[in-house]
Amino acid sequence: MLDTKTYKNVLLAVDNGIATLTINRPKSLNALNSDTLTEIGQALDEVKANEESIKVLVITGAGEKSFVAGADISQMHNMNSLEAAKLSKLAHTSFRKIEDLSQLTIAAVNGYALGGGLELAASCDIRVASNKAKFGQPEVTLGIIPGFGGTQRLTRLVGRGKAKEMIATGKMIDAEEAARVGLIEEITEPQNLMTKVKEIANQVMKNGLIAVGMAKYVIDRAADLPLDTAIDFETQLWSETFSTKDQTEGMTAFLEKRKPTFKGQ
Ligand code: DAK
């Protein structure tokens, strides 16, 4: 097992190739203050530096009630715009690190995912939620707009109309509705959440992980390009997979009618 750093507001544990990053301030429903955002960034640096031993990253919240109930309002309420800009940079840097990981990331949404919490979940590749989870961007109820990427990532997931409805009303939606509008991929009973997440992670880990990382990269990076340019980009990465040992192993194993043993090479 990887020996990870000890943090104050988050926990990072690695088990059988799966790292779990838990936002750990349950008394404040895991609200994100600047120390927590800094630690999230540091933990993500650890995950990136340990690609050999960490194949999938899961992000979740401590306790039964909340994933993350947003940015910490008690820290924000007296901030001036310079301090707001500093906090914003911190959050953007950390959230971007999630998207830049080569490993697949899964948000295990165990409860409230509000404001910065929904923005954190939206930065992950896949969202799996408990049927008790609630999702919302309540920023306008506080007189601000989503500032950790919510206007952009939520819109890309659910479309402009739904994003505008959620952001302008500030109302929460439940897990059923979140699944219906494409905000989450799976719903489970609360007690089955981590089992479901690990099932997905284990399924991913059986595959050629260079290919998984490349597929994630091209999906994200080409999403806003014109189709012809995006297809060229895909072709370039597709060709590159033929220089990996995983491609040889995957196709040889198929022809030899056996399961492949990928080495991520
Ligand atoms: N911040 C700080 N404390 C929070 C919190 C938050 N976001 N959410 C909950 N808590 C604290 C509560 O104050 C309470 O603390 P105590 O009173 O026990 O000391 C404890 O957690 C339990 O919460 P409640 O007693 O309120 O629990 P309930 O079950 O009654 O209600 C709730 C649960 C999730 C519906 C409610 O707590 C709630 O509405 N929370 C606030 C949700 C919210 O509005 N979140 C969005 C925050 S805005 C920025 C970019 C982005 C952002 C900020 C800046 N920059 C560019 C700089 C992002 C903004 C947001 O995320």
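Read the numbers this way: they start at 1 and go in the same order the structure lists the ligands and their atoms. Reckoned from all heavy atoms, side chains included, excluding hydrogens, waters and symmetry mates.
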heavy-atom search around atom 11 (C) of ligand 1 in the protein gives Ser28 CA, 3.9 Å
Hydrophobic cluster identity match, Phe95 and Leu87, side-chain contacts under 4.5 Å | yes
Distance below 4.0 Å between atom 27 (O) of ligand 1 and any protein heavy atom?
-> yes
If you measure from CD on Gln103 to NZ on Lys48, what distance do you get to the nearest 0.5 Å?
-> 8.0 Å
Decide, yes or no, whether a salt bridge links Arg156 with Asp224 under the criterion of side-chain N to carboxylate O below 4.0 Å.
-> yes
Short check: is a protein heavy atom less than 4.0 Å from atom 18 (O) of ligand 1?
-> no
Which of the atoms in ligand 1, numbered in the order shown and given with their element, are less than 4.0 Å from a heavy-atom of Gly147?
-> 50 (C), 51 (C), 56 (C)
Short N-O contact, Lys196 and Glu199, less than 4.0 angstrom = yes
CD (Glu64) with more than 12 external heavy atoms under 6.0 Å | no
Should Lys65 be listed as contacting ligand 1, given a heavy-atom distance under 4.0 Å as the test?
-> yes
Looking only at heavy atoms, is any part of Lys27 under 4.0 Å from ligand 1, and if so is it the side chain, the backbone, or both, or is it neither?
-> backbone
For ligand 1, which atoms have a heavy atom of Ala31 less than 4.0 angstrom away?
-> 1 (N), 2 (C), 6 (C), 7 (N)
re atom 56 (C) of ligand 1, the protein heavy-atom contact at minimum distance is Ser88 CB, 3.0 Å
Considering non-hydrogen atoms only, spot the tightest contact between Met79 and Ala84 and give its length.
-> CE-CA, 3.5 Å
For the residue pair Val197 and Ala108, what are the closest heavy atoms and their distance?
-> CG2-CB, 3.8 Å
For ligand 1, which atoms sit closer than 4.0 Å to a heavy atom of Gly116?
-> 60 (C), 61 (O)
When distances are taken from atom 41 (C) of ligand 1, the protein heavy atom at minimum range is Ile73 CD1, 3.9 Å
For atom 35 (C) of ligand 1, grab the closest protein heavy atom and report residue, atom and distance to one decimal in Å.
-> Met172 CE, 3.8 Å
Is it the side chain (CB and beyond), the backbone, both or neither of Phe148 that lies under 4.0 Å from ligand 1, heavy atoms counted?
-> both
Thinking salt bridges, do Arg25 and Glu39 make one under a 4.0 Å N-O criterion?
-> no
Select one of side chain, backbone, both or neither to describe which atoms of Pro138 lie under 4.0 Å from any atom of ligand 1, heavy atoms only.
-> side chain
Test item: Glu249 and Thr261 side chains (from C-beta on) under 4.5 Å apart, heavy atoms | yes
With a 4.5 Å heavy-atom cut-off, do Leu183 and Leu154 have their side chains touching?
-> yes
Which part of Thr141 is near ligand 1, with near meaning a heavy atom under 4.0 Å away: side chain, backbone, both or neither?
-> neither
May I ask whether Val128 and Val212 are part of the same hydrophobic cluster, defined by side-chain heavy atoms of I, L, V, M, F, W, Y residues being less than 4.5 angstrom apart, directly or through others?
-> yes
From Asn16 atom CG to Asn202 atom CG, the distance as rounded to the nearest 0.5 Å = 7.5 Å
With a 4.0 Å cut-off, strictly under, does atom 61 (O) of ligand 1 pick up any protein heavy atom?
-> yes
Which residue and heavy atom of the protein sit nearest atom 24 (P) of ligand 1, plus the separation | Leu29 CD1, 4.6 Å
Candidates Gly70, Ala84, Ala71, Gly117; heavy atom nearest atom 59 (C) of ligand 1 found on Ala71
For atom 8 (N) of ligand 1, decide whether some protein heavy-atom distance is shorter than 4.0 Å.
-> yes
So between Asp72, Leu114, Asn30, whose heavy atom ends up nearest atom 2 (C) of ligand 1?
-> Asp72
Does one side chain, of Asn33 or Thr36, offer a donor that lies under 3.5 Å from an acceptor on the other?
-> yes
Would you indicate which of Gly115, Ala69, Ser66 comes nearest to atom 45 (N) of ligand 1 when only heavy atoms are counted?
-> Ala69
Under 4.0 angstrom from atom 31 (O) of ligand 1, is there any protein heavy atom?
-> no
In Å and rounded to the nearest 0.5 Å, what is the CD1 to CG distance from Ile187 to Asn192?
-> 13.0 Å
Does any N or O atom in Met76 lie less than 3.5 angstrom from one in ligand 1, N or O only?
-> no
Kindly state if atom 4 (C) of ligand 1 has a protein heavy atom within a strict 4.0 Å cut-off, that is, under 4.0 Å?
-> yes
Hey, could you give me the OG/CD1 distance between Ser130 and Ile184, rounded to the nearest 0.5 Å?
-> 9.0 Å
Using protein heavy atoms only, decide if any is under 4.0 Å from atom 21 (O) of ligand 1.
-> yes
Atom 48 (S) of ligand 1 sits nearest the protein heavy atom Leu142 CD1, 3.4 Å
Check whether any protein heavy atom sits under 4.0 Å from atom 39 (O) of ligand 1.
-> no
